Protein chains: 2
Amino acid sequence: MDMEESRARLEEARERFVHELTNHIHLYDISGSVGRLYGTILFAENPMTLDEMAEKTGMSKTSMSTGVRALSEANMVEKTWRKGVRKDLYQTDPDWYKAFATVFIKRWAEAAEMNQRALLETKAKLEQLIQEEDLEKEVQEQAAHDLEKLSEAEAFYDWLNEVTNLFESEAIYSIIPKRTKESPLHRKA
Amino acid sequence: MDMEESRARLEEARERFVHELTNHIHLYDISGSVGRLYGTILFAENPMTLDEMAEKTGMSKTSMSTGVRALSEANMVEKTWRKGVRKDLYQTDPDWYKAFATVFIKRWAEAAEMNQRALLETKAKLEQLIQEEDLEKEVQEQAAHDLEKLSEAEAFYDWLNEVTNLFESEAIYSIIPKRTKESPLHRKA
DNA sequence: ATTTTCATACAGTTTTTTCTGTACAAACTT
DNA sequence: AAGTTTGTACAGAAAAAACTGTATGAAAAT
């Protein structure tokens with residue numbers, strides 16, 4: 001097998017995984033092409049510079065800059081440092097759990113909190129309205145109906161808060177323990 | 001307080017909540033305007049027809065049709081039936097837990113499964129490559145390095161699978177019980 | 001059987017998001 | 001101090017997503 005073929009097979013193997021990554025990375029609020037960037041950094045032998053990324057992905061350096069920032073915010077890549085190298089260096093963060101938890105918590109905890117706040121305010125307004133003396137029966141009934149609806153949502157948000165806490169407190173790992181990777185042994189044929 | 005004012009205050013109260021909903025509904029892979037549609041249906045006195053929705057939201061009937069479909073797929077609205085009414089009628093599904101679980105599971109379980117499959121195939125290809133007789137040392141080292149990276153991902157996906165199972169099997173509700181809504185009592189002033 | 005009513009597929013338009021090239025400020029080199 | 005190199009802000013271009021109006025087929029009413 002010549003050099004070219006073996007390189008091609010290596011690329012092919014990597015491509016299979018990267019392609020799938022790009023398909024699902026939007027779950028992390030990250031666009032497909034930035035997902036591909038992640039794959040590129042993942043399989044790079046060494047930490048990469050923005051210029052190397054641009055070279056490898058065929059995209060602009062500007063996009064690499066914004067892409068890497070998005071990946072950093074999701075805890076998917078981290079900045080590294082190497083003596084004598086002036087450019088920023090990036091490599092993937094090996095802790096997939098952290099990335100998942102970061103994104104999951106950031107999204108749902110914020111949504112739960114804000115919705116809950118809005119819900120309470122709406123509830124307060126409705127209750128105030130209902131207590132008005134000379135309220136038409138129709139409006140009063142609708143307000144009561146609204147409160148009923150909202151109490152369903154309220155219960156859910158309470159629950160959702162506890163779920164996000166489960167991840168934030170890392171208690172989830174007591175329930176479903178982290179898997180330790182099995183070190184891939186070099187097997188002989 | 002006249003009729004107009006009380007109606008306005010009702011609308012204002014509802015608007016506060018709906019506005020917040022639209023801000024976070026994208027977590028369910030649903031666009032803002034469809035989120036607003038959800039809010040409209042939520043506070044409607046009765047199940048709504050597509051025409052009523054179009055009227056209320058000021059959008060086209062076509063958008064109502066596609067919007068309602070998206071909401072149905074997320075288990076957020078359900079079709080109803082009323083004697084003598086030929087049009088389709090929709091109302092919100094009161095089970096917020098189900099909507100959350102549906103979306104959470106659909107997204108992450110699919111991602112986990114597909115990524116895991118790609119991962120195993122990539123791993124197989126790399127292992128095959130490594131076992132080639134006359135492989136350049138450099139390629140071999142890179143392939144080994146890749147396998148190392150992938151085993152980290154593999155462990156995570158195993159874990160993620162268990163997490164989605166937690167929701168799918170409803171075991172999550174043993175850990176964090178559903179809250180029962182407190183029936184809003186009509187309080188006197 | 002004909003007509004009416006309804007939901008939705010589809011093509012084209014509008015809006016939003018993503019991407020690029022230029023410009024510039026900060027940090028480093030000489 | 002003057003000159004490079006590097007990362008990113010910003011405006012405009014390109015691509016993607018959302019929305020609308022027309023058209024059509026299915027179901028109900030006449």
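Computed from heavy atoms alone, side chains included, the values below leave out hydrogens, waters and symmetry copies. Throughout, protein chains are lettered first and strands after them, A, B, ... in sequence-line order, and every chain is numbered starting at 1. This is a predicted model, so every value here is computed, not measured.
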Query raised in the report: What integer distance in Å separates E73(A):CD from dT8(D):P?
Result: 11 Å

**Report entry** Any R69(A) side-chain N or O less than 4.0 Å from OP1/OP2 of dA9(D)
**Finding:** yes

Query raised in the report: Rounded to the Å, how far apart are I25(B) CD1 and dA18(D) P?
Result: 14 Å

Report summary line: note: D51(A), atom CG; dT4(D), atom C1'; distance rounded to Å ~ 14 Å

Query - N or O in side chain of S63(B) less than 4.0 angstrom from dC19(D) OP1/OP2 - result: no

Query - Nucleotide of dA29(D), dA7(C), dG7(D) approaching R86(B) most closely (side-chain heavy atoms) - result: dA29(D)

Query raised in the report: Are there more than 12 heavy atoms of other residues, nucleotides or ligands under 6.0 Å from atom NZ of K149(B)?
Result: yes

Report task. Establish whether the base of dG21(D) is bridged to the side chain of T62(B) by a donor-acceptor pair shorter than 3.5 Å. Result -> yes

**Report entry** Gap between atoms CG and P, on D29(B) and dA17(D) respectively (whole Å)
**Finding:** 12 Å

Requested in this report: Take the protein atom CE of M48(A) and the nucleotide atom P of dG7(D), then report the distance between them rounded to whole Å.
Outcome: 13 Å

Query raised in the report: Of all the choices, dT20(D), dC19(C), dC19(D), which nucleotide is nearest to the side chain of S31(A) once you look at every atom?
Result: dC19(C)

Query raised in the report: Rounded to whole angstrom units, what separation is found between the CD1 atom of I30(B) and the P atom of dA18(D)?
Result: 11 Å

Requested in this report: Classify the angle between the aromatic ring planes of F104(B) and F100(B) as parallel (below 30°), tilted (30 to 60°) or perpendicular (above 60°).
Outcome: parallel

Query - Minimum-distance nucleotide (side-chain atoms of M59(A) versus dT20(D), dC19(C), dT5(C)) - result: dC19(C)

Report summary line: Assert: residue with more 5' nearest nucleotide on DNA chain D, out of G58(B) and D88(A), is D88(A)

**Report entry** Ring-face cation of K178(A) near Y173(A) (centre distance under 6.0 Å, axis angle within 45°)
**Finding:** yes

Requested in this report: Round to the nearest Å and state the distance from M64(B) atom CE to dA7(C) atom P.
Outcome: 13 Å

**Report entry** Residues E121(B), K125(B): salt bridge by 4.0 Å N-O rule
**Finding:** no

**Report entry** Pair R7(A) + E138(B), salt bridge at N-O below 4.0 Å
**Finding:** yes

Report task. Please state how far atom OH in Y90(A) lies from atom P in dT6(D), giving the value in whole angstrom units. Result -> 13 Å

Query raised in the report: According to a strict under-4.0 Å criterion, is K61(A) in side-chain N/O contact with OP1 or OP2 of dG7(D)?
Result: yes

